[in-house]
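Notes to accompany the following structure.
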Amino acid sequence: SKLLGPCRIGRNSVIENSVIGPDVTIGSGCEISNTRVSNCVIQRNSRVRDLPGGLIDSVLGESVEVQGRPDDGDRPLSLLLSDMAHVIAR
């Protein structure tokens, strides 16, 4: 993974095979994998997976799950999701 500041990552968060930043805040207990994230706030206990186009200009509430597919292409997503939302990007 690669971190591009400024970014803040909370305790017990796991970042795998992802690019984070710039301008990203990730709360505690989050899991980010196979994703690019920039200009986002992701609140605690949220999961973002398999978004090769990335997540940009987004705010995710607590315990949110966003699932893409590894073959989704390069189109980024921009989301505003409240707590406990679940999204499967197709």
Side-chain angles (χ1 to χ4, degrees):
S1 292
K2 185 175 184 179
L3 302 177
L4 308 170
C7 61
R8 180 185 180 282
I9 299 173
R11 287 185 170 158
N12 300 317
S13 289
V14 176
I15 312 295
E16 295 179 323
N17 193 35
S18 297
V19 178
I20 306 298
D23 301 316
V24 172
T25 298
I26 297 173
S28 62
C30 290
E31 296 177 18
I32 311 294
S33 62
N34 304 315
T35 301
R36 297 170 157 258
V37 179
S38 64
N39 196 35
C40 293
V41 175
I42 300 173
Q43 294 184 12
R44 68 183 178 157
N45 300 320
S46 292
R47 293 180 180 88
V48 181
R49 297 184 187 113
D50 299 323
L51 295 176
L55 186 66
I56 62 169
D57 303 329
S58 297
V59 177
L60 307 184
E62 293 182 11
S63 302
V64 168
E65 293 195 32
V66 178
Q67 175 72 51
R69 294 181 311 187
D71 61 346
D72 272 347
D74 292 336
R75 190 183 76 200
L77 290 178
S78 183
L79 302 170
L80 176 59
L81 299 173
S82 63
D83 295 349
M84 299 172 52
H86 294 260
V87 173
I88 299 174
R90 302 251 179 216

From Cys30 SG over to Arg11 CZ, what is the distance, rounded to the nearest 0.5 angstrom? 14.5 Å
Taking side chain as C-beta onward, heavy atoms only, is Leu51 less than 4.5 Å from Asn34? no
Hey, what do you get for CD1 (Ile9) to CD1 (Ile15), rounding to the nearest 0.5 Å? 4.5 Å
One should read off an interatomic distance between Glu65 CD and Arg47 CZ, to the nearest 0.5 angstrom, of 5.0 Å
For the atom pair OG (Ser46) and CD (Glu62), what is the distance rounded to the nearest 0.5 Å? 7.5 Å
Between the side chains of Asn39 and Asp23, is a donor N or O closer than 3.5 angstrom to an acceptor N or O? no
Determine whether Leu55 and Leu60 satisfy the following criterion, side-chain contact (heavy atoms from CB on, under 4.5 Å), listing intermediate values before the conclusion. CA-CA 10 Å; Leu55 186 66; Leu60 307 184; 3.9 Å; yes
Please tell me whether Val14 and Val48 are part of a single hydrophobic cluster in this structure, the criterion being side-chain heavy atoms less than 4.5 Å apart. no
Give a yes-or-no answer on whether the side chains of Asp50 and Gln67 include a donor-acceptor pair shorter than 3.5 Å. yes
Using modelled atom types only, decide if a donor and an acceptor are shared between the side chain of Ser63 and the backbone of Met84 within a distance under 3.5 Å. no
Heavy-atom pair with the smallest gap, counting every atom of Leu3 and Cys7: CB-SG, 4.2 Å
Please report the shortest heavy-atom distance between Arg69 and Pro52, naming the atom on each side. O-CD, 3.4 Å
With Ser38, which residues qualify under side chain to side chain contact (heavy atoms under 4.5 Å, CB included), at least two apart? Pro22, Ile56
Does a side-chain heavy-atom distance below 4.5 Å link Leu79 with Asp57? no
Closest non-hydrogen atom pair, Ser13 against Gly27: OG-O, 2.7 Å
Between Leu77 and Ser58, what is the shortest heavy-atom contact and its length? O-OG, 3.9 Å
Between Ser1 and Asn17 (side chain of the first, backbone of the second, donor and acceptor by atom type, cut-off under 3.5 Å), is there such a pair? yes
Determine whether Val87 and Ile42 fall in the same hydrophobic cluster, where Ile, Leu, Val, Met, Phe, Trp and Tyr are linked whenever their side-chain heavy atoms lie under 4.5 Å apart. yes
Taking it one step at a time, do Leu81 and Val59 satisfy side-chain contact (heavy atoms from CB on, under 4.5 Å)? CA-CA 6 Å; Leu81 299 173; Val59 177; over 6 Å; no
Yes or no on side-chain contact (heavy atoms from CB on, under 4.5 Å) for Ile20 and Ile26, after CA distance, side-chain angles and deciding distance? CA-CA 9 Å; Ile20 306 298; Ile26 297 173; 4.0 Å; yes
Can you name the closest pair of heavy atoms from Asp83 and Gln43 and give their distance? OD1-OE1, 4.2 Å
Does Val37 offer a backbone N or O that forms a donor-acceptor pair with the side chain of Ser18 under 3.5 Å? no
